[in-house]
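Just below is one structure, and these are the notes that go with it.
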Amino acid sequence: MKSLYYLILLIFLSCYPADPEYALKPMLNTSDSGFISRDFFQVIIQASPPMGDYSIERERIECKKNALIERDKQTIQILKKILSEKDNKWKNDLSNKNVLKLDSLTTSTDKQASIELSDTSINRGEFSWMLDRLKVYMEDYSEKNKCKFVFRAIEKGLYEKLEATRLSRGTIPSNN
């Protein structure tokens with residue numbers, strides 16, 4: 001019995017992906033936004049340079065500024081969508097198993113995943129851990145009147161950190 005265990009272990013350890021570029025392909029992906037793996041997140045942004053007669057250098061600086069603003073908006077929307085889908089799946093699992101009725105899950109913390117907040121700055125602080133990790137991987141200025149940026153964060157445990165993120169529940173108090 002012990003020799004069978006070692007044989008299975010030996011076979012398992014000798015296995016490798018059929019595609020020799022398996023580990024490289026996710027790194028070459030510059031078309032998909034979101035989690036490429038649990039430790040690899042990227043967002044693709046297309047922005048426009050300012051209209052007017054500017055130098056190429058100034059156009060690129062302004063285009064990058066626009067891309068950074070759009071990066072935050074799109075990243076927050078992607079992360080909120082993932083949390084919302086995860087929250088809805090969890091609630092559906094509970095209702096399907098009749099463990100708890102959805103009516104009993106009425107705290108404001110459980111309802112938040114389905115609430116859309118229009119102001120990106122509300123969630124920027126909650127997702128700053130991800131936004132601060134996103135680095136420019138690629139800049140492409142080859143198309144006229146458009147620039148493309150690929151922002152990436154590659155770090156062990158990114159998806160787990162997202163799962164641990166809790167969105168704010170309510171509105172921002174006024175300064176009056």
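The shown structure was predicted, so the numbers you read here are calculated from the model rather than taken from an experiment.
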Margin query: Holding to side chain to side chain contact (heavy atoms under 4.5 Å, CB included), I want the full list of residues that pass it with K161, two or more places apart in sequence or in another chain.
Written below: W129, R133
Margin query: Holding to side chain to side chain donor-acceptor pair (under 3.5 Å), I want the full list of residues that pass it with E160, two or more places apart in sequence or in another chain.
Written below: R38
Checklist line | Non-neighbouring partners of S48 that pass side chain to side chain contact (heavy atoms under 4.5 Å, CB included), sequence neighbours left out | finding: none
Notebook entry, point to check: With a 4.5 Å heavy-atom cut-off, do E85 and K81 have their side chains touching?
Noted result: yes
Check: Any donor-acceptor pair under 3.5 Å linking the side chain of S84 with the backbone of K80?
Finding: no
Item checked: Point-to-point distance, once rounded to the nearest 0.5 Å, from CD1 of I78 to CG of L162 -> 11.0 Å
Notebook entry, point to check: Partners of K148 by salt bridge (Lys or Arg N to Asp or Glu O under 4.0 Å), sequence neighbours excluded?
Noted result: none
Note to self: The criterion is ring-ring contact (aromatic ring centres under 6.0 Å, His included); which residues satisfy it with Y141, sequence neighbours excluded?
What the structure shows: F149
Item checked: With sequence neighbours excluded, residues passing side chain to side chain donor-acceptor pair (under 3.5 Å) with R152 -> Q42
Margin query: Applying a strict under-4.5 Å side-chain criterion to I, L, V, M, F, W and Y, I'd like to know whether V136 and L134 cluster together.
Written below: yes
Check: If you take all heavy atoms of A153 and L158, which pair is closest and at what distance?
Finding: O-CD1, 3.3 Å
Notebook entry, point to check: Rounded to the nearest 0.5 Å, what separation is found between the CD1 atom of I45 and the CG atom of L68?
Noted result: 9.0 Å
Check: Partners of E70 by side chain to side chain donor-acceptor pair (under 3.5 Å), sequence neighbours excluded?
Finding: Q74
Checklist line | Side chains of M27 and I154 in contact at under 4.5 Å (non-hydrogen atoms) | finding: yes
Item checked: Shortest non-hydrogen contact between G52 and E59, atoms and distance -> O-OE2, 4.3 Å
Notebook entry, point to check: Taking only residues two or more places apart in sequence or in another chain, which ones pass side chain to side chain contact (heavy atoms under 4.5 Å, CB included) with S31?
Noted result: N29
Notebook entry, point to check: Mind checking whether L131 and I76 have side chains closer than 4.5 Å, heavy atoms only?
Noted result: yes
Next item on the list: Would you sort out whether T165 and L79 count as a side-chain contact (heavy atoms from CB on, under 4.5 Å), showing the intermediate values?
Entry: CA-CA 10 Å; T165 301; L79 298 177; over 6 Å; no
Next item on the list: Taking all non-hydrogen atoms of both residues into account, name the closest pair between C63 and P49 and its distance.
Entry: SG-N, 3.8 Å
Margin query: Applying side chain to side chain donor-acceptor pair (under 3.5 Å), can you list everything that pairs with K65, at least two apart in sequence or on another chain?
Written below: E62
Check: Which ILVMFWY residues are connected to M51, directly or by a chain of links, through side-chain heavy atoms under 4.5 Å apart?
Finding: none
Next item on the list: Return the set of residues passing ring-ring contact (aromatic ring centres under 6.0 Å, His included) with F35 (not counting sequence neighbours), or none when no residue passes.
Entry: F41, Y159
Margin query: As an exercise, state the distance from CD of E143 to CD of Q46, rounded to the nearest 0.5 Å.
Written below: 6.0 Å
Next item on the list: For residues F127 and D72, determine if any side-chain heavy atom of one lies less than 4.5 Å from a side-chain heavy atom of the other.
Entry: no
Notebook entry, point to check: To the nearest 0.5 Å, what is the distance between CE (M138) and CD1 (I44)?
Noted result: 6.5 Å
Next item on the list: Could you tell me which residues satisfy ring-ring contact (aromatic ring centres under 6.0 Å, His included) with Y137, sequence neighbours excluded, listed by chain and number?
Entry: none
